[in-house]
Amino acid sequence: MTDTVQVDLPTGVTSVRVATTVPEDAWAVVAVAHGAGSSFDHPGVTGFTDAVNTAGVATVRFTFPYVEAGRRMPGPAAHAVSTWHAIGDRIAADLPDLPFFAAGRSYGGRMASMATADGALSPRGLVYLGYPLHPPGKPDRPRVEHLPVIHAPQLFVSGTRDPFVRPREQLEEAVASCRDATLHWVEGAGHAFETTGRRIPAAESAAALAPVVVDWMRARA
């Protein structure tokens, strides 16, 4: 089912598209945000949500306001935080009996972490599919200061060749600083979980992440 959710921004009220799938006998729900250069229908998002749907997890895919405005690059972080807040409220109203998890690819996951640290979002757990620890080639600009204050469990799924987490030890240190966090390395994968020398469709590489995420969620649902 696809519809819209209203988001209150400092610039006024806007709407973002939302796609919800609820399998029969769903035992949890995960909202999944897209990366900075894509949208909610990107195969890297839909491949993952289709896979977790088959494991009995309901999914909510959505766009950020800058995508609805026709821009490719994200707007202010506050807009993304407000969007996550609105999505959390929608899920609480529509699926109140299901444990709620928040997930996102790259930028979308980082915005979920910021929304949770700010208190705008209260998920059972957070899942980062390629957390952008720093801009590529700039490990001196880490995006970690808010992570230790998050109370919810956090799962970091990251490729060992991801330029956003080099050196890898920097991500390991960031995870160790969190209250409750788990790090899962995908050997040989890049930021989009692509693998050198193997042409795997984005939907397939995203679906391959589902078992790790589902097992982690099931232990916390």
Side-chain angles (χ1 to χ4, degrees), residues 2-20 29-49 59-94 100-123 126-147 149-150 152 154 156-158 162-165 174 190-193 202 206:
T2 302
D3 61 353
T4 61
V5 167
Q6 287 193 332
V7 181
D8 292 323
L9 302 179
T11 53
V13 178
T14 189
S15 296
V16 298
R17 285 168 291 167
V18 177
T20 303
V29 55
V30 59
V32 184
H34 57 81
S38 62
S39 186
F40 77 151
D41 56 359
H42 187 277
V45 175
T46 59
F48 175 76
T49 56
T59 56
V60 178
R61 295 182 285 113
F62 63 95
T63 56
F64 287 112
Y66 74 91
V67 173
E68 299 296 349
R71 299 191 299 270
R72 285 191 56 82
M73 297 308 295
H79 290 194
V81 168
S82 295
T83 305
W84 265 113
H85 189 184
I87 294 300
D89 285 350
R90 165 61 72 88
I91 291 173
D94 291 354
F100 162 54
F101 294 81
R105 291 183 66 92
S106 191
Y107 166 84
R110 184 166 75 92
M111 293 299 103
S113 71
M114 293 179 65
T116 303
D118 286 353
L121 194 67
S122 299
L126 289 154
V127 178
Y128 312 120
L129 305 177
Y131 187 86
L133 186 67
H134 56 70
K138 298 180 180 179
D140 58 322
R141 294 171 55 187
R143 301 153 170 160
V144 299
E145 64 280 353
H146 64 292
L147 296 177
V149 307
I150 295 174
Q154 302 173 78
F156 294 76
V157 182
S158 186
D162 187 346
F164 287 79
V165 293
H191 188 58
F193 298 99

Show me the side-chain donor-acceptor pairs of residues 128-135 shorter than 3.5 Å, one per line, residues at least two apart or across chains.
unit_1	atom_1	unit_2	atom_2	d
Y128	OH	Q154	OE1	2.6
Y131	OH	R143	O	2.7
H134	NE2	F164	O	3.4
H134	NE2	R166	N	3.3
H134	NE2	R166	O	2.9

- Note on the structure: All heavy atoms of A112 vs all of L121, minimum pair found to be O-CD2, 4.1 Å
Validation: residues 73-80 side-chain donor-acceptor distances under 3.5 Å, sequence neighbours left out:
none

- Residues at least two apart in sequence or cross-chain that pass side-chain hydrogen bond (donor to acceptor under 3.5 Å, both in side chains) with T116, listed by chain then number, are none
- Item | Value rounded to 0.5 Å, distance of OG in S113 from CD1 in I150 | 5.0 Å
- To the nearest 0.5 angstrom, please state how far the CG atom of L126 sits from the CZ atom of R110. 14.0 Å
- Note on the structure: To the nearest 0.5 Å, atom OG1 of T20 lies from atom CZ of F62 at 11.0 Å
- Check whether any side-chain heavy atom of D118 sits under 4.5 Å from a side-chain heavy atom of H85, and report yes or no. no
- Query: Is R61 positioned over the aromatic face of F40, cation under 6.0 angstrom from the ring centre and no more than 45 degrees off axis?
  - Reply: yes
- Using atom types as modelled and distance alone, determine if a side-chain donor or acceptor of H34 lies under 3.5 Å from a backbone N or O of F64. yes
- Item | Pair D3-R90, side-chain contact (heavy atoms from CB on, under 4.5 Å): steps then yes or no | CA-CA 11 Å; D3 61 353; R90 165 61 72 88; 3.0 Å; yes
- Message: For V67 versus S38, what's the shortest heavy-atom pair and its separation?
- Response: CG2-O, 3.8 Å
- With distance as the sole test, does R105 use its side chain to make a donor-acceptor pair with the main-chain N or O of G44 at under 3.5 Å? yes
- Polar side-chain atom of T63 near backbone of R17 as donor-acceptor pair, under 3.5 Å: yes
- Task: Show your reasoning for whether side-chain contact (heavy atoms from CB on, under 4.5 Å) applies to V157 and F193.
- Result: CA-CA 10 Å; V157 182; F193 298 99; 4.0 Å; yes
- Message: If you compare all heavy atoms of S158 against all heavy atoms of V165, which two are closest, and at what distance to 0.1 Å?
- Response: OG-CG2, 3.5 Å
- Do the side chains of P123 and F101 get nearer than 4.5 Å, heavy atoms only? no
- Item | V127 and V30: CA distance, side-chain angles, deciding distance, side-chain contact (heavy atoms from CB on, under 4.5 Å) verdict | CA-CA 9 Å; V127 178; V30 59; 5.6 Å; no
- Message: Pair E68, S15 - check side-chain contact (heavy atoms from CB on, under 4.5 Å), show working.
- Response: CA-CA 8 Å; E68 299 296 349; S15 296; over 6 Å; no
